[in-house]
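Before any comments, here is the structure.
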Amino acid sequence: MPVHRAGQPKVYLDNSSTSFPKPPGVVKAVTEYLEDVGCNLNRTGFATSCVLNKRTREARTRLARLFNYPEFKHVCFTTGITTSLNIALKGLLKRGDHVLISHMEHNAVTRPLFQLRRRGVSFSFIPCASDGTLDPASIPPLLKPNTRAICCLHGSNVCGTILPIRQIGAIAREAGLLFIVDSAQSAGVLPIDMQADNIDVLCFAAHKGLLGPPGVGGLILRPELGSRIEPLVVGGTGVFSEEDKVPDDLPMHLESGTPNLMGYYGLAAALRWLEKTGIERIHAREVELYEHLLAGLQQLDSLCIHGTQDSRTSLCVLAVTAPGLDIGQVAWRLDSKHRVSTRCGLHCAPWANRAIGTWPTGTLRLSPGYFTKPRELDYAVSALEESLWYVRKQTR
Ligand SMILES: Cc1ncc(COP(=O)(O)O)c(C=O)c1O
């Protein structure tokens, strides 16, 4: 069990926020960039930049392969998935357009849309049930003549529920709409096939299920969108500097400024490990951990478990509340007494909490990752039992 503070065990159950630890090779790759490479991308003429180009291309190629997308040049890097979603929504939607989103969305989708609403873009929610599930049959009646896109997450960061992106993608394609997917929680854990799922824009984060470092994310776009999308940020691209506008070619069109190069190195190493290990194996492991933790939590009295409680329809994320108790105090006790790291609150997704009935206080979220051990989950469950008892005693 990794050590948190002198002699104290730490169980890290906040992988939905960011994955920890990272697989072998990631730290070394970040260090390799800083210690041995050090130069800039597309802004230097000397030989070491070739090594850097090779590694950047490797990361793009592996991502294209992971998401079954044929063209690595359409993998555009950003500073993270929040930026990617802002680029996709603000760059593709115009005044008068309408977009449908699920009720489980993160603020990374809803906040840009509330901003866009002030610029004449409208949106409405596709309803979700109290376990977070979405019925694709509810979508067609919500379509309007000016609906241009459907944007939704693949897996909920609040309660783990998986949305049926294949069926949603088919509906989008049939209606001639853009399909924008937020894969923050699912990339690296569930198979995503941009072609079979009819995804036009796939947004991803490096630091969650892809097991890379924070500060890198991206979006993969269908070729015809390259010339249509308005970049959010423009500036130096290192090439075509004589032009007053950024080049139309992807990925440069969306990649102005010096990027997070050590992040690219770390991500390439994480993707190498991911490919070697295999998504099926990672998913199978997470199913095992989910069922183990679920069984443990189900033993605890007066705990309310949210989500589908079924590993076939949920990511390895469990959200709980304890009626009558302040879940924030429980999380504090878990950390301060037992060194178990969880997260409590709305998880940046107020609309999802409204959908599942946990607004306004939110939930305590336990999110194991591939490297979590079943014995750590047993420890966390008994720590949670003690914390619930303790907070209940204080509350009386
Ligand atoms: C579903 C979902 N979308 C978007 C984000 C935003 O990710 P980031 O903060 O890495 O940009 C998160 C982060 O938790 C998320 O869970």
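For ligands, and for the atoms within them, numbers begin at 1 and follow the listed sequence. Everything numeric here is computed off the predicted structure, so don't read it as measured data.
For Arg60 and Phe72, the positive end is not near the middle of the six-membered ring at less than 6.0 Å and at most 45° from its axis.
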Which pairs of N or O atoms, one from ligand 1 and one from the protein, are separated by less than 3.5 Å, and what is the distance for each pair?
| from | atom 1 | to | atom 2 | distance (Å) |
| --- | --- | --- | --- | --- |
| ligand 1 | 3 (N) | Asp182 | OD1 | 3.4 |
| ligand 1 | 3 (N) | Asp182 | OD2 | 2.6 |
| ligand 1 | 10 (O) | His207 | NE2 | 2.7 |
| ligand 1 | 11 (O) | Thr82 | N | 3.1 |
| ligand 1 | 11 (O) | Thr82 | OG1 | 2.5 |
| ligand 1 | 14 (O) | Lys208 | NZ | 2.6 |
| ligand 1 | 16 (O) | Gln185 | NE2 | 2.7 |

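With contacts defined as side-chain heavy-atom distances shorter than 4.5 Å, the pair Thr133/Cys128 does not qualify.
Among residues at least two apart or in separate chains, ring-ring contact (aromatic ring centres under 6.0 Å, His included) pairs with a member in residues 116-160 are His103-Phe125, Phe114-Phe123, Phe123-Phe125, Phe125-Trp351.
Side chain of Glu376 to backbone of Lys373: a donor-acceptor contact under 3.5 angstrom is found.
In summary, Asp249 and Lys73 do not engage in a salt bridge, as defined by a charged side-chain N under 4.0 Å from a carboxylate O. A salt bridge links Arg166 with Asp197: at least one charged nitrogen is closer than 4.0 Å to a carboxylate oxygen.
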